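Note that the structure is predicted; figures quoted are calculated from it, not measured. Convention: sequence-line order gives letters A, B, ...; per-chain numbering from 1.
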2 protein chains.
Amino acid sequence: MPPTTTAERHLRADARRNRDKILVAAEAAFRAQGLAVQMEDIARRADVGVGTLYRHFPTKEALVVELSTRRFGTCIAQAEKALESSDGWAAIESFVNTNAEQMSRDVGLRDTFTAAGKDDERCRGERRQLERRLADLLDRARDEGGLRPDVTAQDVQALMCGLSGAIASGGDWRRLARIILAGLRSPS
Amino acid sequence: MPPTTTAERHLRADARRNRDKILVAAEAAFRAQGLAVQMEDIARRADVGVGTLYRHFPTKEALVVELSTRRFGTCIAQAEKALESSDGWAAIESFVNTNAEQMSRDVGLRDTFTAAGKDDERCRGERRQLERRLADLLDRARDEGGLRPDVTAQDVQALMCGLSGAIASGGDWRRLARIILAGLRSPS
DNA sequence: ATTATCTATAGATCTATAGATAATGC
DNA sequence: ATTATCTATAGATCTATAGATAATGC
């Protein structure tokens, strides 16, 4: 559930409608074309003038941050869901595979991992929270002996960025995820 | 040794000098700032007007292709040198580590791997040749039993792109290279 | 005489805004 | 009456060129 700020609650009916259309359109545009897509394109997809787009999001950065935050949120939720698995190593496999598959279908997600919101406090917060969840996953798997003992959450975060690049360059996510997971697995 | 084309041989003394200065400046600019650096910046570094830069390289793409080709060339040479090693697996380790270390110091190299010259025949040729050398390295290591049997040259190329992204996102190249190499190693 | 260089600026490609017009809701 | 929308365009930020000026080499 997105944070319904005070500003959003008092929105006029048409404004509310347009805001929703913009978010849907931007989501689709980012997924298909990445964060570099033009504001004009997003407005066209939403069937709205660019002026309206800028009324709702004062800068492109603000729009990118809004949607990147949501993507990070999904990713964090996936990490938490994976944590429910009974087996520590299976949780990590599940997390990496799920994300790799999603990145293969979503340029915006790849861009989010590698580039989005480096200067935005909200995005940085999400990154930190993801790192914490990742650390939880790793701690458990390490305790159970499934994980190579020296792997850190930062390593895995960097590897997820790497995975996004590798997928973008035409690699098969299944094969790449398998290799990276094998690299993380404890050498038994 | 760069290919001394006919055009380059007949260059007037000052033109020859400026061309060299431009190549040195562009190399340094790409290394420090990546391929997105501005032509004006490169010209300034070379102590030359932008007009001169454009006289020698008709488009920015041409300059990027020239320097990316060189980077690919170095990389191919490293693969060939690694191939001289007596041990197949050691050759792969050496290749991956060398490149990872270089990528950590050279934004231009990272950009070259992930983005450069996708539309240029010369660059595509270099990519293919690198892939062939990589395949040679893999074949041998596989025969010797050191390599996970299903790994392809394309996988490794994608992983090198990934490594570049992972390093760009702040990862430690030593740790990342170790994990990826462990993933490629045969599970014995 | 020819070939190369420089500066100033045209042109392309975006983000963002101004200000005239239209839709909402009290 | 207020709030939102639209189109046309300003502004920023690049790449690339025109055309007047300078350096080279026969």
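- Remark: side-chain polar atoms of Arg133(B) are not paired, donor with acceptor, to backbone N or O of Cys75(B) under 3.5 angstrom.
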Exercise for the section: Scan nucleotides 19-26 of chain D nucleotide by nucleotide, 5' to 3', and note B when protein non-hydrogen atoms come under 4.0 Å of the base, S if they reach only the sugar-phosphate, - if neither. Expected result: ----BSS-

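- Rounded to whole Å, atom C1' of dC14(C) lies 15 Å from atom CG of Leu63(A).
- The residue among Asp47(A) and Val37(B) whose nearest nucleotide of DNA chain D is located toward the 5' end is Asp47(A).
- No donor-acceptor pair under 3.5 Å is formed between the side chain of Ser68(B) and the backbone N or O of Val65(B).
- One can place CZ of Arg44(B) at 18 Å from C1' of dT5(C), the figure rounded to the nearest angstrom.
- Rounded to an integer number of Å, the gap from Arg19(A) CZ to dA4(D) P is 12 Å.
- Ion pairing between Arg122(A) and Asp120(A) fails under the 4.0 Å rule for side-chain N and carboxylate O.
- For the pairing with Gln102(B), the side-chain hydrogen bond (donor to acceptor under 3.5 Å, both in side chains) check across Gln78(B), Arg71(B), Arg31(B) returns one residue only, Gln78(B).
- By the 4.0 Å N-to-carboxylate-O rule, Asp41(A) lies close enough to Arg44(A) to be salt-bridged with it.
- A distance-only check finds a donor-acceptor pair linking the side chain of Arg175(B) to the backbone of Asp150(A) [under 3.5 Å].
- Atom NZ in Lys60(B) sits about 15 Å away from atom P in dT13(C), given to the nearest Å.
- Here the C1' atom of nucleotide dT13(C) and the CD atom of Gln38(A) are 7 Å apart, to the nearest Å.
- The side chain of Asn18(A) contributes an N or O atom lying less than 4.0 Å from OP1 or OP2 of dT5(D).
- In this structure, Tyr54(A) atom OH and dA4(D) atom P are separated by 19 Å, rounded to whole Å.
- One interatomic measurement links the two molecules: CG of Leu53(B) to C1' of dC14(D), which rounds to 14 Å at whole-angstrom precision.
- With Asn18(B) as the fixed residue, the side-chain contact (heavy atoms from CB on, under 4.5 Å) test singles out one of Leu23(B), Val48(B), Asp47(B), Leu11(B): Val48(B).
- Across every strand in view, dT24(C) sits in a pair with dA1(D) that passes the Watson-Crick or G-U test at under 3.5 angstrom.
- Pair assignment for dC6(C): dG19(D), on the basis of Watson-Crick or G-U wobble contacts that are both within less than 3.5 Å.
- With hydrogens and angles disregarded, no donor-acceptor distance shorter than 3.5 Å links the side chain of Arg142(A) to the backbone of Arg148(A).
- Salt bridge annotation for Arg174(B)-Glu101(B): absent, with no cationic side-chain nitrogen under 4.0 angstrom from a carboxylate oxygen.
- At dT5(C), one or more side-chain N or O atoms of His56(B) fall inside 4.0 Å of OP1 or OP2 (strictly under the cut-off).
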I'd like a list of close polar pairs between nucleotides 7-9 of chain D and the protein, N/O only, cut-off under 3.5 Å.
none

